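Since this is a predicted model, take the numbers as computed values, not measurements. Side-chain atoms are counted along with the backbone in the values below, which use heavy atoms only and exclude waters and symmetry mates. Numbers restart at 1 for each chain; the letters A, B, ... are given by sequence-line order, proteins then strands.
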Number of protein chains: 2
Amino acid sequence: MDTKDLPANVLDPDCPSRVIFQRIGDKWASLVVQVLADGPIRFSELRKMVHVVTPKVLTQTLRTLERDGLITRTVHAQVPPRVDYELTELGASLLEPLTLLRLWAEDHVPSILKARDAYDDAQDEAFIGG
Amino acid sequence: MDTKDLPANVLDPDCPSRVIFQRIGDKWASLVVQVLADGPIRFSELRKMVHVVTPKVLTQTLRTLERDGLITRTVHAQVPPRVDYELTELGASLLEPLTLLRLWAEDHVPSILKARDAYDDAQDEAFIGG
DNA sequence: ATCCTTGGTATCCATGAGGTAACTGAGTTC
DNA sequence: GAACTCAGTTACCTCATGGATACCAAGGAT
């Protein structure tokens, strides 16, 4: 199957959309994007918002987002340095689907937790019974 | 800051919604959910759809989704065995936000690829110049 | 008897994501 | 001239994720 002329398809392992789709699931990337929803923010503030991410990992995340054109990095010629991160138009467009997903997650926490309890109980019973 | 009484918040590392949110970014989970959108499917068919995932990893993914109440697993008493996986109502409700995200990814592949090229070129120039 | 099927398990292993801690640079303040 | 600030960088380490491979169970077909 030649994939070159097909429309983008996340199920195709060779389609770049799959990589992008999975980047969204990056441990920090999607969190950072959502924090940036409130406007530009500097490195140290970002660190506080995302709660205990090490500078190395935050830098990695930010560089990746910058490379993908989702955020801009603005260095102010000051001492001590000030660097602001801001969503690009592209990055802002991701905000909408991402927010829906976040709301889904936040809304369905109880259902999922309940399902887990039920599953684990069933497992325990099977173990005792077997 | 006591988080117990706050609404679900993915930015809070102690909030279960964060774990759930990140599960969506799992390498295979969200792909599986999207394949299941077309109705129940058996293990081997699923493997083909998601393209070269090892049985171990697929099983892990499916068990996690089942535990979280997103899919059901139905074993048919046949030989050779037949096992069908199907979205639950909860799982189906995830389909909507997930699809929007997938469409976003598929739509913006060109923009992101372009941004990457520009970024990499800028890096090269900086290297030559520096 | 042996092989075929499906839907997995079991075991081992490599990769890399992410974490820790220490360090840098440059100007400003003390 | 020592210390402080911010925004990182560097080197090192750990552990979980995922992959490769082989194997298994159960019954029907040959």
Side-chain angles (χ1 to χ4, degrees), chain A residues 11 13-14 18-32 35-36 40-68 71-86 119 123 126-127 130, chain B residues 11 13-14 18-32 35-36 40-68 71-86 119 123 126-127 130:
Chain A
L11 292 180
D14 295 327
R18 178 136 163 190
V19 178
I20 292 163
F21 188 71
Q22 289 177 353
R23 169 126 328 137
I24 295 166
D26 179 275
K27 188 168 181 183
W28 302 109
S30 55
L31 258 32
V32 165
V35 169
L36 293 188
I41 193 172
R42 58 195 301 188
F43 191 83
S44 50
E45 292 298 313
L46 196 47
R47 267 195 83 184
K48 283 179 215 155
M49 290 299 293
V50 186
H51 258 154
V52 213
V53 54
T54 61
K56 190 193 78 168
V57 172
L58 183 55
T59 300
Q60 283 174 356
T61 303
L62 290 168
R63 287 291 132 77
T64 303
L65 289 171
E66 191 193 357
R67 189 170 104 101
D68 284 352
I71 64 172
T72 56
R73 177 172 178 271
T74 310
V75 181
H76 301 271
Q78 301 177 359
V79 168
R82 176 195 180 91
V83 179
D84 282 326
Y85 293 92
E86 190 173 6
Y119 184 89
Q123 292 301 313
F127 180 73
Chain B
L11 293 180
D14 295 325
R18 178 135 162 191
V19 178
I20 292 163
F21 188 70
Q22 289 177 352
R23 168 126 328 136
I24 295 165
D26 179 276
K27 187 168 183 185
W28 303 109
S30 54
L31 259 32
V32 166
V35 169
L36 293 189
I41 193 173
R42 57 196 300 188
F43 191 84
S44 50
E45 291 300 314
L46 195 47
R47 268 195 82 183
K48 281 179 216 155
M49 289 301 292
V50 186
H51 259 155
V52 212
V53 54
T54 59
K56 189 192 78 167
V57 172
L58 184 55
T59 300
Q60 283 173 356
T61 303
L62 290 168
R63 286 292 131 79
T64 303
L65 289 172
E66 192 193 357
R67 189 171 104 102
D68 283 353
I71 65 171
T72 55
R73 177 172 179 272
T74 309
V75 183
H76 300 271
Q78 301 177 0
V79 167
R82 177 196 180 91
V83 178
D84 282 327
Y85 292 93
E86 190 172 8
Y119 184 90
Q123 291 301 313
F127 180 73

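- If you walk DNA chain D from 5' to 3' and mark each nucleotide with an atom closer than 4.0 Å to a heavy atom of chain A, the marks span D:dT5 to D:dA11.
- Not a single salt bridge (charged side-chain N to carboxylate O under 4.0 Å, His left out) links B:Asp26 to another residue, sequence neighbours left out.
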Kindly determine whether A:Val83 and A:Thr74 satisfy side chain to side chain contact (heavy atoms under 4.5 Å, CB included), including the steps that lead there.
CA-CA 5 Å; A:Val83 179; A:Thr74 310; over 6 Å; no
Got a list of side-chain donor-acceptor pairs under 3.5 Å for residues 56-66 of chain B, not counting sequence neighbours?
residue, atom, partner, partner atom, Å
B:Thr59, OG1, B:Pro55, O, 2.8
B:Thr61, OG1, B:Val57, O, 2.9
B:Thr64, OG1, B:Gln60, O, 2.9

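- Annotation: salt bridge (charged side-chain N to carboxylate O under 4.0 Å, His left out) contacts of A:Glu86 (sequence neighbours excluded): none.
- In this structure, A:Arg47 places its CZ atom 12 Å from C1' of C:dT20, rounding to the nearest Å.
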Are B:Arg23 and B:Asp68 close enough, and set up right, to give a side chain to side chain contact (heavy atoms under 4.5 Å, CB included), and what steps lead you there?
CA-CA 10 Å; B:Arg23 168 126 328 136; B:Asp68 283 353; 2.9 Å; yes
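- Salt-bridge check for B:Glu45 with B:Lys48: passed, with a basic side-chain N closer than 4.0 Å to an acidic carboxylate O.
- You'll find the side chain of A:His76 reaches within 4.5 Å of the side chain of A:Asp84, heavy atoms only.
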Review item, nucleotides 7-13 of chain C N/O atoms under 3.5 Å of protein N/O:
residue, atom, partner, partner atom, Å
C:dG7, OP1, B:Arg42, NE, 3.0
C:dG7, OP1, B:Arg42, NH2, 3.1
C:dG7, OP1, B:Val83, N, 3.1
C:dG7, OP2, B:Ser44, N, 3.2
C:dG7, OP2, B:Ser44, OG, 2.9
C:dG8, OP1, B:Arg63, NH2, 3.2
C:dG8, OP1, B:Arg73, NE, 3.4
C:dG8, OP1, B:Arg73, NH2, 2.4
C:dG8, OP2, B:Tyr85, OH, 2.7
C:dT9, OP1, B:Arg63, NH1, 2.7

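- For B:Ile41 and C:dT6, the CD1 to P distance is 14 Å, given to the nearest whole Å.
- At a threshold of 4.5 Å between non-hydrogen side-chain atoms, the residues B:Ser30 and A:Phe21 count as touching.
- With DNA chain C read from its 5' end, the first of the two nearest nucleotides for A:Lys27 and A:Pro80 is the one closest to A:Lys27.
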Taking it one step at a time, do A:Tyr85 and A:Thr72 satisfy side chain to side chain contact (heavy atoms under 4.5 Å, CB included)?
CA-CA 6 Å; A:Tyr85 293 92; A:Thr72 56; over 6 Å; no
With side chain to side chain contact (heavy atoms under 4.5 Å, CB included) as the criterion, how do B:Met49 and B:Ile41 come out once you've worked through the C-alpha distance, each side chain's angles and the decisive distance to 0.1 Å?
CA-CA 10 Å; B:Met49 289 301 292; B:Ile41 193 173; 4.0 Å; yes
With Watson-Crick and G-U wobble geometry limited to distances under 3.5 Å, how should the secondary structure of DNA chain D be encoded in dot-bracket form, using | for bases paired to another strand and [ ] for crossing pairs?
||||||||||||||||||||||||||||||
